[in-house]
Amino acid sequence: MATFQSLPGFREFYPEDFSRRKHIFDLWRRTAHVFGFAEYDAPVLEPLELYKAKSGDEIEGQLFSFTDKGGREVALRPEMTPTVCRLVGAKANALKRPIKWFSIAEFYRYERMQKGRDRAFRQLNVDIFGEPGPEAEIELIAFLVQSFCAFGLTEQDFYVRLSDRNLWFYYLEALGLDESRIRAMLVAVDKHEKYGDDAFKAYQEQFGALDPDLKAKVLAFLQIKTFAALELTFATLNSDKLVARLADWKKLLGGLDAMGLTRFIEVDLGVVRGLAYYTGFVFEAFDRKGELRALAGGGRYDDLVEKLGGPALPAVGFAIGDVTTALLLEQRGLAPAFVSAPDVYCVIGGEAGRKAAFADVQALRAAGRRVDYPMKEVAFGKQFKLAADSGARLALIYGDDELAKGVVKIRDLSDRTEHEVARADVQAVVRDFFTTRS
RNA sequence: GCGGUCAUAGCUCAGUUGGUUAGAGCACUAGAUUGUGAAUCUAGGGGUCGCGGGUUCGAGUCCCGUUGGCCGCCCCA
């Protein structure tokens with residue numbers, strides 16, 4: 001047993017694991033590319049203040065934070081949003097709108113590990129800045145859906161729950177609640193799916209007994225699953241804000257429907273996303289079986305850039321985690337098999353053969369072909385087995401017989417046919433083989 | 001931070017009421033096999049039984065502590 005082990009919650013990526021991770025990142029990048037998002041990166045270590053400013057002091061308990069040798073309070077980044085707000089805020093006036101950016105980066109949270117949650121994990125972060133209307137949400141939710149579909153997942157596998165903190169505010173306001181009551185009620189709404197009526201406990205402790213009529217209206221609001229039901233609920237309430245907000249909903253749902261994405265979307269006002277900085281539409285993606293933690297989450301945060309010292313700049317974004325995504329792909333049999341096969345494997349019969357082979361190996365590799373060979377003297381029979389096991393398409397055979405004739409024997413490892421070519425023609429023959437069959 | 005549960009080879013595991021030198025399969029390496037592919041046979045490497053302490057003539061086995069994994073709670077940006 002090794003004397004040292006990795007720290008809890010930090011994964012090590014052996015080649016098989018790495019190739020699975022790379023597959024996820026490759027498809028995330030491809031999706032970002034087709035949606036026209038630009039990639040950025042930023043420091044792993046940030047001033048602790050950056051996170052306190054956004055989320056309050058209590059956040060520190062969940063951070064990898066420490067004092068550096070210069071006496072600075074610092075933290076490993078737990079998320080990208082404050083950082084990207086700073087980046088965009090600093091150059092906001094020079095950037096073309098809308099600003100469509102993404103990153104794939106590692107984050108750190110000092111938390112107890114559980115299935116689907118490590119202390120170090122990677123996320124795809126996607127944000128649009130400078131677009132106040134629901135057009136930005138359409139673009140982002142379409143991106144979110146496509147970034148799962150790209151793996152071969154369908155509406156059978158995942159869905160996106162769509163909600164709106166503004167709608168809750170306007171609705172509860174119209175029912176007569178003040179801002180502190182509204183915030184407490186949203187906490188209760190957030191917990192209601194899990195705890196049922198116990199979710200209202202904290203609200204009642206703070207504001208006294210809950211009016212049965214109010215409770216009934218809140219519960220009814222939670223049941224809403226369609227736009228039509230939304231309209232019906234508001235028909236009796238006289239609120240300009242609600243009317244305007246419904247127009248945003250209509251635009252958002254209409255846009256997603258025009259893209260053919262309705263089958264992935266569920267209106268679900270039970271999603272309010274814990275922390276307070278979201279200012280409008282919020283959404284979360286889940287697996288359909290409900291076995292995993294949230295796959296992705298996001299929403300609008302129009303005040304955050306300004307709060308962190310930049311200009312007022314509307315923003316909406318989401319993040320997908322690599323851990324739950326990998327678990328979902330695994331469950332659905334969509335994780336790729338580990339493939340690390342050369343194109344060509346050389347079978348070498350002695351020192352003279354090795355020298356001849358090396359000349360071709362180097363030239364083939366320089367031409368971009370992936371070539372492998374046994375580093376030590378190995379019996380011929382075993383070399384053919386190695387060639388087959390390697391997954392190569394071709395074996396090049398450099399034995400005494402071939403050398404004497406000035407040829408190389410080329411074996412097609414899939415159909416087991418062989419033919420000889422002149423040493424001088426090997427490069428061209430190999431090149432032709434792969435250009436006509438790939 | 002709290003609770004439950006587990007820990008024997010790279011992996012999956014066996015190991016009798018506590019008893020000699022801790023085992024198997026898979027994987028890996030080598031040989032049979034200097035000229036042709038999923039086989040077979042043979043051999044080999046690999047373990048401070050997670051770590052530390054205790055009980056005992058004797059501990060992989062029993063007790064305590066600790067570290068780590070898994071599950072749940074809190075939290076989830």
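Sequence lines set the chain letters: A, B, ... in the order given, protein chains first and strands last, and positions in each chain run from 1.
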Step by step, work out the side chain to side chain donor-acceptor pair (under 3.5 Å) result for A:T67 and A:E73.
-> CA-CA 5 Å; A:T67 307; A:E73 294 288 316; 2.8 Å; yes

Test A:K241 against A:E173 for side chain to side chain contact (heavy atoms under 4.5 Å, CB included), laying out the working first.
-> CA-CA 10 Å; A:K241 284 179 178 173; A:E173 204 172 56; 3.1 Å; yes

Pair of N/O donor and acceptor under 3.5 Å linking B:G35 base with A:E402 side chain | yes

Give me the ring orientation class for A:Y108 and A:F64: parallel if the planes are under 30° apart, tilted from 30 to 60°, perpendicular past 60°.
-> perpendicular

What is the distance, rounded to the nearest whole Å, between atom CZ of A:R393 and atom C1' of B:G37?
-> 17 Å

Spell out yes or no: do the side chain of A:R273 and the base of B:A77 have one donor N/O and one acceptor N/O closer than 3.5 Å?
-> no

Per atom distances to the A:D400 side chain, the nearest of B:C70, B:A77, B:G35 is B:G35

Find out whether the Lys NZ or Arg CZ of A:R393 is both under 6.0 angstrom from the six-membered ring centre of A:F434 and within 45° of the ring's axis.
-> no

Determine whether any donor atom in the side chain of A:R293 lies under 3.5 Å from an acceptor atom in the base of B:C76, or the reverse, and answer yes or no.
-> yes

Report yes if a donor N or O on one partner sits less than 3.5 Å from an acceptor N or O on the other, where the partners are the side chain of A:R411 and the base of B:U36; otherwise report no.
-> yes

Which atom names give the shortest non-hydrogen contact between A:P311 and A:G89, and what distance separates them?
-> CD-O, 3.4 Å

Which is true for A:G349 with a 4.0 Å heavy-atom rule: it touches a base, it touches only sugar-phosphate, or it touches nothing?
-> nothing

How far, in whole Å, is B:C41 from B:G23 if one measures between their P atoms?
-> 22 Å

Reckon A:L413 touches a base, only the sugar-phosphate, or nothing at all at heavy-atom distances under 4.0 Å?
-> base

What's the CG-C1' distance between A:D190 and B:A77, to the nearest Å?
-> 13 Å

Rounded distance in Å between the C1' positions of B:C6 and B:C49 | 15 Å

Select from A:E79 and A:D415 the residue whose nearest nucleotide in RNA chain B is closer to the 5' end of that strand.
-> A:D415

What nucleotide among B:U36, B:A77, B:C70 has an atom nearest to a side-chain atom of A:I397?
-> B:U36

Using atom C1' of each nucleotide, how far apart are B:U21 and B:U17 to the nearest Å?
-> 23 Å

Counterpart base for B:A59, defined by Watson-Crick or G-U wobble contacts under 3.5 Å = none

When rounded to the nearest Å, what value does the distance between C1' atoms of B:G15 and B:G52 take?
-> 24 Å

Rounded to whole Å, the CG-P distance (A:L295 to B:A77) equals 14 Å

Is A:F384 stacked on the base of B:G37, with ring centres under 5.5 Å apart and planes under 30° apart?
-> no

Could you check whether A:D401 gets within reach of a base, just the sugar-phosphate, or nothing at all, counting any heavy atom under 4.0 Å?
-> base

So, A:D127 versus A:Y301: side-chain donor-acceptor pair below 3.5 Å or not?
-> yes

Under 4.0 Å: is that the gap between some side-chain N or O of A:R112 and OP1 or OP2 of B:C73?
-> no

Regarding the side chain of A:R416, the nearest nucleotide among B:A77, B:A38, B:G35 is B:A38

What does B:U16 pair with, Watson-Crick or G-U, if both distances are under 3.5 Å?
-> none

Span that lies between the P atom of B:U56 and that of B:G50, in whole angstrom = 23 Å

Nearest-Å distance once atom P is located in both B:U66 and B:G4 = 13 Å

Watson-Crick or G-U counterpart of B:C70, or none if no pair lies under 3.5 Å | B:G4

Looking at A:F286, does the NZ or CZ of A:R161 lie under 6.0 angstrom from its six-membered ring centre and within 45 degrees of the ring axis?
-> yes

State, to 0.1 Å, how close A:L214 and A:M185 come at their nearest heavy-atom pair, and which atoms those are.
-> CD2-CE, 4.1 Å

Can you find an N or O donor on one side and an acceptor on the other, under 3.5 Å apart, linking the side chain of A:E418 with the base of B:U36?
-> yes

With heavy atoms under 4.0 Å as the rule, sort A:Q383 into base, sugar-phosphate or nothing.
-> nothing

Closest to side chain of A:Y277, choosing from B:A77, B:G35, B:C73 | B:A77

Rounded to whole angstrom units, what separation is found between the CD atom of A:E12 and the P atom of B:G10?
-> 15 Å

Roughly, in whole Å, what's the span from OH in A:Y110 to P in B:C75?
-> 19 Å

Considering only B:A77, B:A39, B:C76, which nucleotide approaches the side chain of A:K385 most closely?
-> B:A39

Distance between P atoms of B:U5 and B:C64 (Å, rounded) = 12 Å

Touch class at under 4.0 angstrom, heavy-atom based, for A:P78 against every strand present = base

Atom CZ of A:F121 and atom P of B:C75: how far apart are they, to the nearest Å?
-> 18 Å

Atom OH of A:Y398 and atom C1' of B:U34 are separated, to the nearest Å, by 18 Å

Report yes if a side-chain nitrogen or oxygen of A:K191 is closer than 4.0 Å to either non-bridging phosphate oxygen (OP1 or OP2) of B:C75; otherwise report no.
-> yes

Of the listed B:C75, B:G35, B:C70, the closest approach to the A:R117 side chain comes from B:C75

If you pin A:M113 and A:E284 to their nearest nucleotides in RNA chain B, which one's is more 5'?
-> A:M113

Given B:C71, B:U36, B:C75, which nucleotide is nearest the side-chain atoms of A:K115?
-> B:C71

How is A:G299 classified with respect to the nucleic acid when contacts are heavy atoms under 4.0 Å: base, sugar-phosphate, or nothing?
-> nothing

Under a 3.5 Å cut-off for both distances, is B:U40 Watson-Crick or wobble paired, and to whom?
-> B:A32

Taking the side chain of A:A379 as heavy atoms from C-beta outward, which of B:U34, B:A77, B:G69 is closest to it?
-> B:U34

Is A:D303 salt-bridged to A:K307, cutoff N-O under 4.0 Å?
-> no

B:U36 C1' sits how many Å from A:K409 NZ, rounded?
-> 8 Å

For B:G46, which nucleotide is its Watson-Crick or G-U wobble mate, given both distances must be under 3.5 Å?
-> none

Could you measure between the two C1' atoms, the one in B:G1 and the one in B:C76, and give it in whole Å?
-> 15 Å

